[in-house]
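A short write-up of the structure that comes next.
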Amino acid sequence: MRIALGLSYNGTGYEGWQSQLSGNTVQDQLEKALGKFAAQPVRTLCAGRTDAGVHGLMQVVHFDTELRRDLPSWVRGTNAFLPRDIAVQWAHEVPDEFHCRGSAISRRYAYVLLESTVRPSVEAGRVGWVYRPMDETAIRAAMVHLAGEHDFSSFRAAQCQAKSPIKTISRIEVSRHANYWRFEFEGNAFLHHMIRNIMGCLVAVGQGQQTPDWVAAVVAARNRNAAAPTFSPDGLYFLGPRYEARYGLPDRAPAYDWIP
């Protein structure tokens, strides 16, 4: 049968999602734990790979197995072998045609940013940081130029393997709680480093280094050199994919309410 898992993790101590020879990735830790619980090798696929230092609140993975266990056992049993900064949130049986990546109709990210003259301490590794004040009105004006379907080549990492740079951002929002900013993005798919490169541009506008219309020029340039430097991975959270209701998978995780 095919099992889908919802996974949350603090990415600070890991070299991203995808398995590496070092073994220090989220996928390596998950597959090791699943293998111990199932007493046989288990290989997983994920909905969206995350870079080193990036967190996941509801990463979705799937795998095929002949082992029969009730669904709560997949959660409790796998978590018993996982490190404390990675946890399975839920398990669901899904039909064979389900694919955690291919069946996703959208993907969601949040970026949490601390505006403070003093660097993060308690929240170190969990928030991005700026020490200059930011202008919310300017940021909102810049965001208008990013919504919709565009060629996002200006925000694409050199090592990006996507077949096309044309993506659609269906939702882009910003809110503020005291000194913490929360940026949310939803789209059909995202390029490698796309959110972090967008964040670099939004911060440049928010701090008055560029005008909101500059973002439109960056999009039109279709050239990575036109955009701001890639922003820190610390405050980036993969909120997870959305699927058709017929699969019956959860749409959110409890940690959604934990980040500002």
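Values below: every heavy atom of this structure, side chains too, minus hydrogens, waters and symmetry copies.
With respect to R171 and E184, a salt bridge is recorded, a charged nitrogen being found less than 4.0 Å from a carboxylate O. Looking at R2 and D96, no side-chain N of the basic residue comes within less than 4.0 Å of a carboxylate O on the acidic one, giving no salt bridge. A salt bridge links R242 to D251: one of the charged nitrogens lies within less than 4.0 Å of a carboxylate oxygen.
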* To do: Test side chain to side chain contact (heavy atoms under 4.5 Å, CB included) on W181 and E115 and set out the steps.
  => CA-CA 8 Å; W181 297 74; E115 179 190 310; 3.0 Å; yes
* Given E123 and L114, is the side chain to side chain contact (heavy atoms under 4.5 Å, CB included) satisfied, shown in steps? -> CA-CA 9 Å; E123 68 277 68; L114 170 65; 3.9 Å; yes
* To do: Show your working on side chain to side chain contact (heavy atoms under 4.5 Å, CB included) between W90 and V60 and close with a plain yes or no.
  => CA-CA 10 Å; W90 49 260; V60 176; 4.0 Å; yes
* How far apart are the C-alpha atoms of M58 and L7, what are their side-chain angles, what is the distance that settles it, and do they pass the side chain to side chain contact (heavy atoms under 4.5 Å, CB included) test? -> CA-CA 5 Å; M58 200 177 72; L7 190 72; over 6 Å; no
* Which is it for N179 and S116 under the side chain to side chain donor-acceptor pair (under 3.5 Å) test, yes or no, and what are the steps along the way? -> CA-CA 7 Å; N179 286 65; S116 173; 5.1 Å; no
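No more than 12 heavy atoms of other residues, nucleotides or ligands sit less than 6.0 Å from atom CD of Q161. Atom CG of L21 is surrounded by 12 or fewer heavy atoms from other residues, nucleotides or ligands within 6.0 Å. Atom CZ of R252 has more than 12 heavy atoms from other residues, nucleotides or ligands within 6.0 Å.
Judged by distance alone, the side chains of S170 and R108 never bring a donor and an acceptor atom under 3.5 Å apart. Defined by atom type and a distance below 3.5 Å, a donor-acceptor pair is missing between the side-chain atoms of Y14 and T50. Counting only N and O atoms by type, the side chains of N188 and S106 include no donor and acceptor under 3.5 Å apart. In this model, no donor atom of one side chain and acceptor atom of the other lie less than 3.5 Å apart for Q20 and T25. With 3.5 Å as the limit, one finds no donor-acceptor pair spanning the side chains of D213 and T211. The closest side-chain donor-acceptor pair between H192 and D51 falls under 3.5 angstrom. With hydrogens and angles left out, the side-chain atoms of S103 and E244 include no donor and acceptor closer than 3.5 Å.
Hydrophobic clustering keeps L236 apart from I259 (ILVMFWY residues linked when any side-chain heavy atoms are closer than 4.5 Å, directly or through intermediates). One hydrophobic cluster holds both L113 and I195 under the rule that ILVMFWY side chains link at heavy-atom gaps under 4.5 Å.
For the pairing with W74, the side chain to side chain contact (heavy atoms under 4.5 Å, CB included) check across L67, V88, N79 returns one residue only, L67.
No side-chain heavy atom of L202 sits less than 4.5 Å from a side-chain heavy atom of V205.
No close placement of the W129 and F231 rings is indicated, their centers lying 6.0 Å or farther apart. Between Y111 and Y237, the distance separating the two ring centers is not shorter than 6.0 angstrom.
The aromatic rings of F190 and Y109 sit perpendicular, their planes meeting at an angle over 60°, well past the 30° parallel limit. Using bins of under 30°, 30° to 60° and over 60° for the plane-to-plane angle, the ring pair F183/F185 lands in the parallel bin.
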